[in-house]
Amino acid sequence: MGDPSPPSPLSDRYSRQILFRGIGEDGQRKLAASKVAIVGCGATGSALAGLLARAGVGFLRIIDRDYVEPSNLQRQALFDEADAAESLPKAIAAARKIAAFNSEIAVEAKVADLIPSNIEELLQGTDLILDGTDNFETRYLINDYAVDRALPWIYSAAVGSYAVTLNVVPTKTACLACIFPDSPRGIVETCETSGILNSAVNLVASIAATEAVKFQVGGPENPTVRRTLLSFDLWTNEHAEIYAAKPRPDCRACGQKDLIHLAGEGRPHITLCGRNSVQIHERQRPIDFREMDRRLQPHGIVKHNDFALKFWRDSYEMTLFPDGRAIIKGTTDTAVARSLYARYVGS
Ligand SMILES: [Zn+2]
């Protein structure tokens with residue numbers, strides 16, 4: 001007698017989560033059917049992706065423009081030393097790592113910078129957008145898109161020992177622009193100036209991932225979904241919640257539908273968080289790495305794999321991607337970066 005065949009060792013993968021009253025078998029099925037986009041796969045994105053992949057979200061699209069570096073390893077939980085040695089794009093490294101612990105879900109890696117001209121292509125088909133970015137420009141773009149498509153999204157940020165997060169359900173709750181009408185001006189704290197505790201990242205990612213699970217299991221309007229902007233400083237233990245349950249009627253984005261970020265007005269070059277570098281946005285410039293490698297050999301040190309080409313000259317380091325996008329390290333001057341790009345790649 002007994003069981004006709006032994007169960008697969010993974011058949012009870014989600015058993016402890018199914019036992020949790022808020023999820024159950026029905027909730028687990030909903031998670032398996034859900035499609036989540038994670039924009040930015042640094043520290044927060046990596047933690048979000050890890051948690052949701054282990055929880056059994058059936059489809060994850062991971063969008064990131066950057067590559068793994070040694071300074072990421074202190075807090076970016078999906079990457080290891082081999083990824084940094086190879087300068088692997090974060091989206092690719094994340095998808096590989098997830099496949100090793102949950103091969104039952106689908107993960108789509110997109111090595112790209114989310115901008116107005118590609119946002120539709122990168123986010124279409126998903127039902128929830130999670131913020132793993134490090135800049136307000138991209139967050140306002142996500143907010144405009146979410147408002148336009150009536151898609152829920154979750155804002156998350158961490159710097160120093162401080163973490164902050166907001167659930168946005170367009171037309172039902174406040175959007176990012178309801179609470180912060182404009183980007184912060186003047187000197188803004190970044191991971192570069194203030195450093196960051198890995199625990200602040202994990203805190204914000206844990207809260208946002210749990211809210212994401214609530215969205216998927218009970219719908220974005222279910223009463224367990226938090227309706228405040230929540231902030232917590234892990235070092236001082238100060239914490240606050242700001243009411244965000246209702247949209248502001250005069251909000252530029254969700255009230256007036258003036259979606260300036262989605263329209264792509266005045267996009268500047270971006271200085272990345274965590275290093276002294278400038279990104280050059282180039283779209284219509286496919287790069288043949290072998291040809292480029294040959295061309296750059298006389299001018300400095302060149303190395304490439306299938307995903308990126310690196311070129312060192314003087315105190316600058318340029319990383320080129322197949323679509324012609326480049327990250328130039330060693331300067332925060334966009335003119336210098338533009339000129340190096342023009343000199344070695346094309347103008
Ligand atoms: Zn709003």
Side-chain angles (χ1 to χ4, degrees), residues 30-41 44-45 48-49 52 57-65 91 106-110 112-133 135-157 165-183 208-209 211-222 225-227 229 244-267 281 283:
K30 287 179 179 163
L31 286 179
S34 64
K35 296 179 180 228
V36 175
I38 298 177
V39 183
C41 195
T44 306
L48 287 168
L52 293 180
V57 165
F59 175 87
L60 285 175
R61 188 176 294 145
I62 298 174
I63 302 151
D64 192 280
R65 65 189 180 196
V107 180
E108 220 175 76
K110 298 280 188 189
D113 186 21
L114 191 84
I115 54 172
S117 60
N118 65 14
I119 190 166
E120 174 60 30
E121 176 200 332
L122 290 173
L123 297 183
Q124 68 177 347
T126 60
D127 44 42
L128 175 65
I129 306 163
L130 299 186
D131 168 22
T133 71
N135 66 86
F136 262 88
E137 188 181 10
T138 311
R139 289 178 179 126
Y140 281 122
L141 175 61
I142 294 170
N143 190 64
D144 274 8
Y145 180 82
V147 164
D148 193 49
R149 304 300 153 99
L151 268 179
W153 77 282
I154 302 177
Y155 158 62
S156 306
T165 176
L166 171 75
N167 299 324
V168 177
V169 185
T171 75
K172 309 290 183 207
T173 71
C175 81
L176 186 68
C178 287
I179 296 184
F180 304 114
D182 296 299
S183 305
E211 294 298 308
V213 167
K214 293 184 203 172
F215 274 53
Q216 303 298 10
V217 168
E221 292 179 60
N222 86 74
V225 165
R226 202 190 65 257
R227 286 170 172 76
L229 175 87
K246 288 272 169 278
R248 199 163 46 76
D250 62 342
C251 169
R252 169 196 57 78
C254 69
Q256 299 165 4
K257 299 279 156 57
D258 183 13
L259 305 177
I260 51 173
H261 298 276
L262 195 56
E265 286 164 20
R267 277 187 72 84
H281 300 276
R283 296 288 113 195

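Everything numeric in this text was worked out from a predicted model, so none of it was measured.
Expressed to the nearest 0.5 Å, how far CG of L114 lies from CD1 of I129 amounts to 8.5 Å. Here the straight-line distance linking atom CG of D148 with atom NZ of K257 works out to 8.5 Å at 0.5 Å rounding. Interatomic distance, CG of L60 versus OG of S34, reported as 8.0 Å (0.5 Å rounding). Atom CD1 in I38 sits 11.0 Å away from atom CG in D64 (nearest 0.5 Å). Between the CG atom in D182 and the CZ atom in F136 there is a gap of 10.5 Å [rounded to 0.5 Å].
Side-chain contact check for W153 versus V39: every heavy-atom pair is 4.5 Å or farther apart. Between N167 and T173 the shortest side-chain heavy-atom distance does not fall below 4.5 Å. In this structure, the side chains of L141 and L262 come closer than 4.5 Å at one or more pairs of heavy atoms. You'll find the side chain of H261 stays beyond 4.5 Å of the side chain of Y145, heavy atoms only. Put simply, the side chain of V57 does not reach to within 4.5 Å of the side chain of L128, judged on heavy atoms. In this structure the side chain of L52 reaches within 4.5 angstrom of the side chain of L130, judged on heavy atoms. Counting heavy atoms from C-beta on, the side chains of Q216 and D127 come closer than 4.5 Å. In this structure the side chain of R149 never reaches within 4.5 angstrom of the side chain of L123, judged on heavy atoms.
Using bins of under 30°, 30° to 60° and over 60° for the plane-to-plane angle, the ring pair Y155/F180 lands in the perpendicular bin.
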Evaluate side-chain contact (heavy atoms from CB on, under 4.5 Å) for L259 paired with V147, printing each intermediate quantity in order. CA-CA 9 Å; L259 305 177; V147 164; 4.2 Å; yes

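Judged purely by atom type and a 3.5 angstrom limit, D144 has no side-chain atom pairing as donor or acceptor with the backbone of A253. Side chain of R248 to main chain of A177: a donor-acceptor pair is present (N/O by atom type, distance under 3.5 Å, no hydrogens or angles). Side-chain N or O atoms of N118 include none that pairs as donor or acceptor with a backbone N or O of E121 at under 3.5 Å. Between the side chain of R139 and the backbone N or O of S156, at least one donor-acceptor pair lies under 3.5 Å. In terms of modelled atom types and a separation under 3.5 Å, the side chain of Q256 and the main chain of D250 share a donor-acceptor contact. Judged purely by atom type and a 3.5 angstrom limit, D131 has no side-chain atom pairing as donor or acceptor with the backbone of I154. Counting only distance, with no hydrogens or angles, the side chain of D258 and the backbone of R252 share no donor-acceptor pair below 3.5 Å. In this structure, the side chain of K30 engages the main chain of V217 through a donor-acceptor pair within 3.5 Å. Judged purely by atom type and a 3.5 angstrom limit, R61 has no side-chain atom pairing as donor or acceptor with the backbone of E108.
For the residue pair L176 and V168, the shortest heavy atom distance occurs at N-CG2, 4.0 Å. The two atoms that bring I179 and P181 nearest to each other are O-CD, 3.5 Å, heavy atoms only. For the pair P152 and F215, the tightest heavy-atom approach, listed with the atom from each and the gap, is CB-CE2, 3.3 Å. Listed here is the closest heavy atom pair of C254 and C178: SG-SG, 3.4 Å. Annotation for A244 and L229: closest pair CB-N, 4.1 Å, computed over non-hydrogen atoms. Closest non-hydrogen pair, L48 versus A209, comes out as CD2-N, 3.8 Å.
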